[in-house]
Amino acid sequence: AAPDTAPAYDIVVRGGTIVDGSGLPGYRGDVAIADGHIVAVGNVGPASAKRVIDAAGLVVAPGFINIHSHAEPDAVASAVNMLTQGVTTEIVNADGSGTTDIKSELATFAAKGLAENIGAYVGFNAVWEATMGERDLRPTKAQIQTMRAVIEKNLAAGAWGVASGLDYRPAYYSTPQEAIEIISVAAKWRTNFPNHDRLRPEDKLSSFKGMEETVAIGEAAGLTPVITHIKSAGKERGQAGHVLEMVSAATARGTWTAIDIYPYLAGMT
């Protein structure tokens, strides 16, 4: 029999706590890489490698995905701020921003090279503004159809979903029913609706009311609601439990609801 030979890898990351994103508890092991791909996870034994990284006492995980990114095209060629935090994928057009043509937008991002993976939402705000302008106007049936068509075109081009920032004008002027009618074209794509919740004077600037609106729009449109940078602010501070109850109730009735959160107290818009 031919003698066994240990496989030669480019890199072996040894002895770290592997958290693989599957939901399994972290476990100690090795990660072997060859030709730019992970080829073995677990105990690779005495296998040789051009480079060995001792990860004892450290966590080894896949790159993190920043689903709420305001990345700029000039920065993604190096992306030092993201890569040093373990982020390897960013999804741009957060809060409904961006263009009405993500295919061309992504080409602009890639023009100088990419140090990370980039994807894009189609921005409800961008679509609304391109059709309705800056004024507080009610869309005609034809204008609603135009906006639906733009969203579907961008989903076909690879958009991750329909992002929105209903707190920002002119998308602020849209009614919940108009938003539902426009974004429901995305329901067949089985995708999601992250929204920066709308704070209205008539609701006493209640974040809770804004978050309830996000869930209601996503639910009625057939998209997964994502409450963007969830918060319990102002007079509602300290009542995060109420928000989590609302999210759990939506999920229990069949509308799985997601949230994202930032880990600091300050806010800015």
Side-chain angles (χ1 to χ4, degrees), residues 67-70 92-98 100 121-141 143-144 146-148 150-151 161-184 186 192-251 253 255 257-269:
I67 65 167
H68 184 95
S69 174
H70 293 282
V92 299
N93 298 340
D95 298 326
S97 60
T100 57
Y121 281 104
V122 52
F124 175 83
N125 297 45
V127 172
W128 178 276
E129 184 172 357
T131 305
M132 303 302 301
E134 295 284 348
R135 294 183 295 165
D136 184 359
L137 300 171
R138 302 280 52 80
T140 64
K141 288 184 178 180
Q143 287 170 322
I144 285 177
T146 295
M147 289 185 270
R148 285 170 60 89
V150 172
I151 287 173
V162 186
S164 180
L166 294 181
D167 201 38
Y168 300 111
R169 288 169 176 77
Y172 180 93
Y173 300 134
S174 65
T175 68
Q177 190 54 45
E178 289 164 352
I180 290 165
E181 195 170 352
I182 293 163
I183 70 170
S184 63
N192 60 97
F193 171 65
N195 179 48
H196 179 124
D197 52 277
R198 175 160 42 191
L199 305 182
R200 305 189 304 173
E202 53 265 44
D203 293 328
K204 299 181 181 178
L205 304 179
S206 167
S207 287
F208 291 171
K209 292 290 184 183
M211 289 184 279
E212 287 169 357
E213 181 183 59
T214 297
V215 174
I217 290 173
E219 186 168 28
L223 279 66
T224 295
V226 182
I227 299 173
T228 288
H229 31 66
I230 192 169
K231 55 193 170 293
S232 179
K235 294 180 180 179
E236 295 166 339
R237 187 181 291 266
Q239 300 180 53
H242 171 83
V243 183
L244 297 178
E245 287 170 8
M246 178 191 68
V247 169
S248 297
T251 298
R253 65 176 178 263
T255 300
T257 299
I259 62 177
D260 70 56
I261 188 168
Y262 50 74
Y264 41 83
L265 292 178
M268 185 278 288
T269 194

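Worth knowing before you read on, the calculation uses all heavy atoms, side chains too, and leaves out hydrogens, waters and symmetry mates.
What you find for P225 and G218 is that their closest heavy atoms are CG-CA, 4.1 Å. Scanning all heavy atoms of the two residues, the minimum distance from A216 to I180 falls at O-CD1, 4.5 Å. When all heavy atoms are compared, the tightest approach of V226 to T214 is O-CG2, 3.8 Å. Closest non-hydrogen pair, G165 versus A171, comes out as O-CB, 4.2 Å. Pairing each heavy atom of S206 with each of L199, the nearest pair is O-CD2, 3.7 Å. Between A126 and G98, the shortest heavy-atom distance links the atoms CB-O, 3.6 Å.
Using a 4.0 Å cut-off between charged nitrogen and carboxylate oxygen, R200 and E213 do not count as a salt-bridge pair. A salt bridge links D197 with K231: the closest approach of a Lys/Arg side-chain nitrogen to an acidic carboxylate oxygen falls below 4.0 angstrom. Under a 4.0 Å N-O distance rule, the pair D136/R138 qualifies as a salt bridge.
P170 is linked by a side-chain contact (heavy atoms from CB on, under 4.5 Å) to W128, E129, E134, Y173, counting only residues two or more places apart in sequence or in another chain.
In this structure, P194 and H68 have side chains that are not in contact, with every pair of non-hydrogen atoms separated by 4.5 Å or more. Contact check for V127 versus V162: no side-chain heavy atoms found under the 4.5 Å cut-off. For the pair S174/R198, a side-chain contact is recorded, criterion being any heavy-atom separation below 4.5 Å from C-beta on.
Between the T251 side chain and the T257 main chain, a donor and an acceptor come within less than 3.5 Å of each other. Of the possible polar contacts, none joining the E181 side chain to the E178 backbone as a donor-acceptor pair under 3.5 Å is found.
We find the CD1-CD distance between I217 and E212 to be 12.0 Å, quoted to the nearest 0.5 Å. In this structure, the separation between OG1 on T131 and CZ on R148 is 13.0 Å, given to the nearest 0.5 Å. In this structure, CD1 on I261 lies 12.0 Å from OG1 on T228, to the nearest 0.5 angstrom. Here Y172 contributes atom OH and D167 contributes atom CG; the two are 7.5 Å apart, rounded to the nearest 0.5 Å.
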Could you walk me through whether D260 and H229 pass the side-chain contact (heavy atoms from CB on, under 4.5 Å) test, one step at a time? CA-CA 5 Å; D260 70 56; H229 31 66; 3.9 Å; yes

Does the side-chain contact (heavy atoms from CB on, under 4.5 Å) test come out yes or no for K204 and K235, once each step is laid out? CA-CA 10 Å; K204 299 181 181 178; K235 294 180 180 179; over 6 Å; no

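Looking only at atom types and distance, the side chain of S164 has a donor-acceptor partner in the side chain of N195 under 3.5 Å away.
Taking a 6.0 Å sphere around CZ of R135, one finds it holds 12 or fewer heavy atoms contributed by other residues, nucleotides or ligands.
The side chain to side chain donor-acceptor pair (under 3.5 Å) test with Y121 singles out one residue from N93, D95, N192, and that residue is N192.
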Enumerate donor-acceptor pairs with a distance under 3.5 Å from any side-chain N or O in residues 242-250 to protein atoms, sequence neighbours excluded.
unit_1 : atom_1 : unit_2 : atom_2 : d
S248   : OG     : L244   : O      : 3.0

